[in-house]
Amino acid sequence: MSTTPATATVVVGAQWGDEGKGKIVDLLAESFAVVARYQGGNNAGHTVQVGEETFKFRLLPSGILFPGVMCVLGNGVVLDPEVLCEELDELEARGRSAAGLRISGNAHLVMPWHRALDQASEVHLGALQIGTTRRGIGPAYADKAARVGIRVQDLLDTKILREKIATALELKNEQLGFLYGIGRLDAESIQASAVRHAERLAPFISDVSLLVNDALDRGECVLCEGAQGTLLDLDHGTYPFVTSSNPIAGAACVGLGIGPTRIGAVAGVAKAYLTRVGEGPFPSEAGPDASLALREAGGEFGTVTGRPRRCGWLDLVGLRYASRVNGFTELVLTKLDVLSAVEEIPVCVAYKLRDGSVSEHFPAHQSDFHHAEPVWETLEGWGEPIDGARTFGDLPGAAQRYVAFVAERLGVRVGLVSVGPRRDQVLTAEASTTAARVLAST
């Protein structure tokens with residue numbers, strides 16, 4: 001049996017999002033011909049620091065900063081045309097080109113009624129709120145599944161676009177008025193805005209599946225970029241406190257139109273601690289004082305929303321689960337420097353379940369996860385700044401042991417470790433091969 005050469009690498013969040021995927025993609029992008037985002041919308045953001053400049057992307061793939069790299073928004077993305085046009089304008093105003101952008105005509109659009117429904121439904125849920133960003137992402141994916149969505153390719157035909165908007169608003173205005181008491185949205189103003197956006201975006205609309213597969217056929221390397229994180233996956237995350245799409249690595253195939261044999265590597269990105277935005281259970285959440293200290297040291301506020309993130313300690317049960325459902329070939333550990341002031345670092349290594357049993361595996365049932373209690377191991381802190389380290393060997397012994405501990409417990413190579421926001425603060429770490437040596441020195 002012959003095999004197809006696989007040259008696609010998937011970078012996926014290993015936790016609840018906000019792990020620093022954008023920085024890692026930006027670091028790697030220069031070595032790839034294509035950077036392709038395969039799911040999500042502008043409910044997620046990537047912060048990338050280049051020298052003294054900071055870029056905050058909501059829809060644009062992180063590789064957009066590299067001339068000559070094709071940057072793709074796949075069919076699995078839901079795209080708010082107003083937000084994307086604003087982001088393109090902001091990028092070009094800073095002297096950067098978006099010429100390499102390509103947008104799948106099969107991607108679905110987030111429309112004004114999606115935002116209105118998202119906001120109204122969250123308010124209506126009250127104490128039962130899921131904690132969405134209220135950007136209209138869920139309703140857009142719902143319309144996609146119901147086969148009543150408006151797609152990017154509809155922007156290329158003004159007549160069809162106007163007809164689809166008018167038809168959609170007949171029902172959406174009834175829903176908004178009857179269920180939530182919200183006034184009717186105006187079809188003409190929405191149509192006029194959509195036509196303006198269509199003129200701006202039309203040059204970028206392409207057959208993304210063909211482009212990506214052709215690149216792979218030429219032997220070029222493709223970097224697939226997911227938004228959010230594994231534990232927010234619609235099918236495999238902590239439902240119902242999840243996003244409305246599939247961030248896991250397997251979704252790259254569906255969201256870009258490539259076959260599974262095309263993927264050769266999966267890099268999971270995880271913080272050296274853990275954060276979560278919005279509602280839902282969080283077994284390794286830190287107490288108020290420690291959570292505040294982590295939030296301030298790590299700048300833990302949402303790129304898109306500005307919401308403060310809940311903070312806690314590294315959860316190896318969740319990471320082990322993420323490795324299983326994604327098939328990690330490598331782990332990237334970010335923000336190790338944030339732990340520098342912590343004298344003793346708790347790590348959740350197992351869960352105590354409701355029946356009193358202890359398990360290293362993520363609970364299969366929601367009710368078990370909601371009641372799970374963390375089982376801790378405590379590691380020695382290093383008590384000194386590490387943002388000046390430029391090699392793994394520059395790190396204090398305790399910091400090296402922390403990384404090696406993670407690699408050894410997960411059985412996954414830790415290939416990169418970040419100790420600050422800049423590109424030159426990402427270190428190569430052969431932590432899986434050195435784990436035994438480093439741990440033996442404790």
Checklist entry - Among pairs that include at least one residue of residues 144-158, which meet salt bridge (charged side-chain N to carboxylate O under 4.0 Å, His left out), considering only residues two or more places apart or in two chains? => result D154-K164
Checklist entry - Parallel under 30°, tilted from 30 to 60°, perpendicular over 60°: which one fits the rings of F362 and F369? => result tilted
Checklist entry - Between the main-chain N or O of G420 and the side-chain N or O of K23, is there a donor-acceptor pair closer than 3.5 Å? => result yes
Checklist entry - Say you draw a straight line from OG of S104 to CZ of R37; how long is it, rounded to the nearest 0.5 Å? => result 13.5 Å
Next on the checklist: Would the distance check show the side chain of S323 and the main-chain N or O of L319 forming a donor-acceptor pair, the cut-off being under 3.5 Å?
Outcome noted: no
Checklist entry - Counting only N and O atoms by type, is there a donor-acceptor contact under 3.5 Å from the side chain of T9 to the main-chain atoms of A265? => result no
Item to check | Residue pair H108 / D143, side-chain donor-acceptor N/O under 3.5 Å | outcome: no
Checklist entry - Can you tell me how far OH of Y273 sits from CG of L336, rounded to the nearest 0.5 angstrom? => result 10.5 Å
Checklist entry - For Q15, does its backbone N or O pair with a side-chain atom of E19 as donor and acceptor, under 3.5 Å? => result yes
Item to check | Where at least one partner belongs to residues 76-86, residue pairs that pass side-chain hydrogen bond (donor to acceptor under 3.5 Å, both in side chains), sequence neighbours excluded | outcome: D80-R115
Checklist entry - Are W16 and F282 an aromatic pair by the rule of ring centers under 6.0 Å? => result yes
Checklist entry - Do Q153 and N106 have side-chain atoms, one donor and one acceptor, less than 3.5 Å apart? => result yes
Checklist entry - With I165, which of I190, L185, I160, L109 fulfils side-chain contact (heavy atoms from CB on, under 4.5 Å)? => result I190
Checklist entry - For T243 and D233, does a side-chain donor sit closer than 3.5 Å to a side-chain acceptor? => result no
Checklist entry - Can you check whether S209's main-chain N or O pairs, donor with acceptor, with N213's side chain at less than 3.5 Å? => result yes
Item to check | N/O donor-acceptor pair under 3.5 Å between E330 side chain and G268 backbone | outcome: no
Item to check | Any donor-acceptor N/O pair, Q400 side chain to L395 backbone, under 3.5 Å | outcome: yes
Checklist entry - Between S291 and E285, is any side-chain donor less than 3.5 angstrom from a side-chain acceptor? => result no
Next on the checklist: Whether the side chain of S418 engages the backbone of K335 through a donor-acceptor N/O pair (distance < 3.5 Å, no angle test) should be reported.
Outcome noted: yes
